[in-house]
Amino acid sequence: YSSMASIFMDSFVPSSAIKDNMVDYMDETRAADLISINLDNKSKNYKNPDITSEQLSKFYESNKVLFVIPELRSFDYIVADANYLKKKLQISDAELEKYFNENRDDFSSNSFAKAKKQVREVFVQEKMEELSSELAKNLEEDVSSGLNIAEIAKKYNISLQSQKDISLADMNSSKKVEQVELADSVFELIEGEVSYPIEIQDQNNIMLVELKSITHSRQQELSEVEGEVKKILNQRILAFENAKTLEEFKKSYDPKKKQNKSTLKAKGIVIVSNQQYTRAELPMQDKLPPELLKSMFDVKKSETSKLVSDGKKLYFAHIKSVQSNKTKAKKI
């Protein structure tokens, strides 16, 4: 027993030591030169290369998925929103006072005059929910009876809106909130079908949609997209040339050597010197690729990180110093 206890005690690390080690790890701060190049940078004398029909065909055949027109749908829809429902409300002071007297315990004041504003807010919200529920029920009955959306819009005096030829992806990324909410329903309907009421929780919004037509997905022929294929190839070749430029510069980078600004500018290379990065703050460095930040803390002082791209720029960092930051340590 005493032997086992001794082994345990010898290997035990006090919690304060664990805490200090964690703080030392998190407050590690590195000074680095950050070097980057825009992948679409064109030097003064750069010319797009000649791309042969064989190259176009080969790229097209290997990347057909890039040239597919998605399924498109056209539809009509109506939205009965909170403003529409409010127009149906006609509330008298007598109704409000009656509601107050029946629910006096729910209000902060025993005087109707003092609580009137609060009473109105609560009463209106309650009535809005009742109207919304009633309208949803009526709309459901109308759909079941076979009315189309134009007839329903006319019956309830709701504006009829239309959307032509839109994909599911475009609906999901639309700036129109109602289209995002309708996306799944639109792509589940068959032509001529009217949805049942779609309610948006906490907003008293009710929507109906009728699918008018479907344009099925199809693969585009090379003849249709030849210009687009050539543009993509040119972009990739240019990005590759810029990557080669930065890779060569990385091999010979010396932070002590004075760089010729004109030469760097001509190559499209940008150097931002002596940037400070603390490990604890890495999640906040959202302007740089996470893989670059990780690489910066994997290499030693006087070494460079690996090349990392965010799709628009290519980066590497040269680590100039590694130290603890007392101010950050206290904060941590």
Side-chain angles (χ1 to χ4, degrees), residues 73-190 192-213:
R73 297 200 167 200
S74 299
F75 55 91
D76 292 342
Y77 66 101
I78 58 174
V79 181
D81 59 13
N83 290 329
Y84 172 82
L85 293 175
K86 281 180 180 178
K87 292 176 182 178
K88 306 292 181 182
L89 286 178
Q90 292 182 346
I91 301 171
S92 66
D93 284 353
E95 286 180 288
L96 291 177
E97 188 167 6
K98 180 183 178 184
Y99 183 81
F100 172 75
N101 290 328
E102 292 174 348
N103 302 274
R104 191 180 293 267
D105 293 341
D106 295 339
F107 301 101
S108 55
S109 174
N110 288 324
S111 165
F112 171 67
K114 292 181 179 180
K116 185 176 179 180
K117 183 178 179 181
Q118 185 185 5
V119 174
R120 176 175 286 277
E121 289 175 357
V122 175
F123 187 69
V124 166
Q125 183 58 38
E126 193 173 292
K127 286 297 180 184
M128 288 279 284
E129 290 174 0
E130 289 177 7
L131 283 175
S132 179
S133 179
E134 183 182 351
L135 179 59
K137 183 180 178 182
N138 290 339
L139 290 173
E140 187 171 341
E141 291 174 355
D142 292 332
V143 173
S144 296
S145 69
L147 293 182
N148 63 40
I149 200 162
E151 293 167 332
I152 293 172
K154 184 177 180 180
K155 177 179 179 179
Y156 294 94
N157 194 26
I158 303 174
S159 175
L160 184 66
Q161 302 182 60
S162 297
Q163 174 63 55
K164 289 189 176 182
D165 296 333
I166 188 169
S167 69
L168 178 60
D170 286 341
M171 285 194 73
N172 280 321
S173 61
S174 174
K175 292 182 179 179
K176 295 181 178 180
V177 177
E178 65 270 20
Q179 290 203 359
V180 177
E181 295 288 346
L182 287 171
D184 288 341
S185 295
V186 166
F187 278 80
E188 288 172 355
L189 297 173
I190 60 174
E193 185 180 5
V194 181
S195 72
Y196 281 100
I198 301 161
E199 299 181 63
I200 302 178
Q201 291 183 346
D202 304 323
Q203 293 185 32
N204 297 125
N205 281 7
I206 302 173
M207 299 180 292
L208 281 184
V209 59
E210 180 179 337
L211 185 64
K212 308 302 288 186
S213 66

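Start at 1 with the first residue, then count along the sequence. FYI, side chains are in, hydrogens and waters are out, and symmetry mates aren't considered; it's all heavy atoms of this structure.
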Atom [atom1] in [X], atom [atom2] in [Y]: separation rounded to 0.5 Å?
| X | Y | atom1 | atom2 | value |
| --- | --- | --- | --- | --- |
| K86 | D81 | NZ | CG | 9.5 Å |
| L208 | I158 | CG | CD1 | 7.5 Å |
| D165 | D170 | CG | CG | 11.0 Å |
| I149 | I78 | CD1 | CD1 | 5.0 Å |
| K176 | Q161 | NZ | CD | 6.5 Å |
| S195 | E210 | OG | CD | 9.5 Å |

Flag side-chain contact, heavy atom, 4.5 Å: [X] against [Y]:
| X | Y | answer |
| --- | --- | --- |
| I166 | Q179 | yes |
| I198 | E181 | no |
| R73 | F187 | yes |

Shortest non-hydrogen contact from [X] toward [Y]:
| X | Y | result |
| --- | --- | --- |
| A136 | I206 | N-CD1, 3.7 Å |
| S132 | L85 | CB-CD1, 3.9 Å |
| L139 | I152 | CD2-CG2, 3.5 Å |
| L135 | A80 | CD2-CB, 3.6 Å |
| F123 | L96 | CD2-CD2, 3.6 Å |
| S74 | L211 | O-CD1, 3.4 Å |

* So with a 6.0 Å cut-off around CD of Q90, is the heavy-atom count from everything else above 12? ->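 No.
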* If you count the non-hydrogen atoms of other residues, nucleotides and ligands that lie under 6.0 Å from CG in N157, is the total more than 12? ->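 No.
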* Can D106 and V122 be said to form a side chain to side chain contact (heavy atoms under 4.5 Å, CB included), step by step? -> CA-CA 10 Å; D106 295 339; V122 175; over 6 Å; no
* To do: In plain terms, say whether K154 and E151 are close enough for a salt bridge, that is, a side-chain N and a carboxylate O under 4.0 Å apart.
  =>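 Salt bridge flag = no for E151 with K154.
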* To do: Give me the ring orientation class for Y99 and F107: parallel if the planes are under 30° apart, tilted from 30 to 60°, perpendicular past 60°.
  =>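 Judged by the thresholds at 30° and 60°, the geometry between Y99 and F107 is perpendicular.
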* Quick one: does Q118's side chain have a donor or acceptor within less than 3.5 Å of a partner on A115's backbone? ->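 No.
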* Checking S133 side chain against E129 main chain: does a donor-acceptor pair fall under 3.5 Å? ->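 Such a contact is absent between S133 side chain and E129 backbone.
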* Let me see the working for D93 and R120 under side chain to side chain contact (heavy atoms under 4.5 Å, CB included), right down to the final yes or no. => CA-CA 9 Å; D93 284 353; R120 176 175 286 277; 4.0 Å; yes
Is a donor from one side chain sitting under 3.5 angstrom from an acceptor on the other, for [X] and [Y]?
| X | Y | answer |
| --- | --- | --- |
| S185 | Y196 | no |
| Q125 | E121 | no |
| Y156 | N138 | no |

* **Worked verdict on E130 versus K127 for salt bridge (Lys or Arg N to Asp or Glu O under 4.0 Å)** => CA-CA 5 Å; E130 289 177 7; K127 286 297 180 184; 3.4 Å; yes
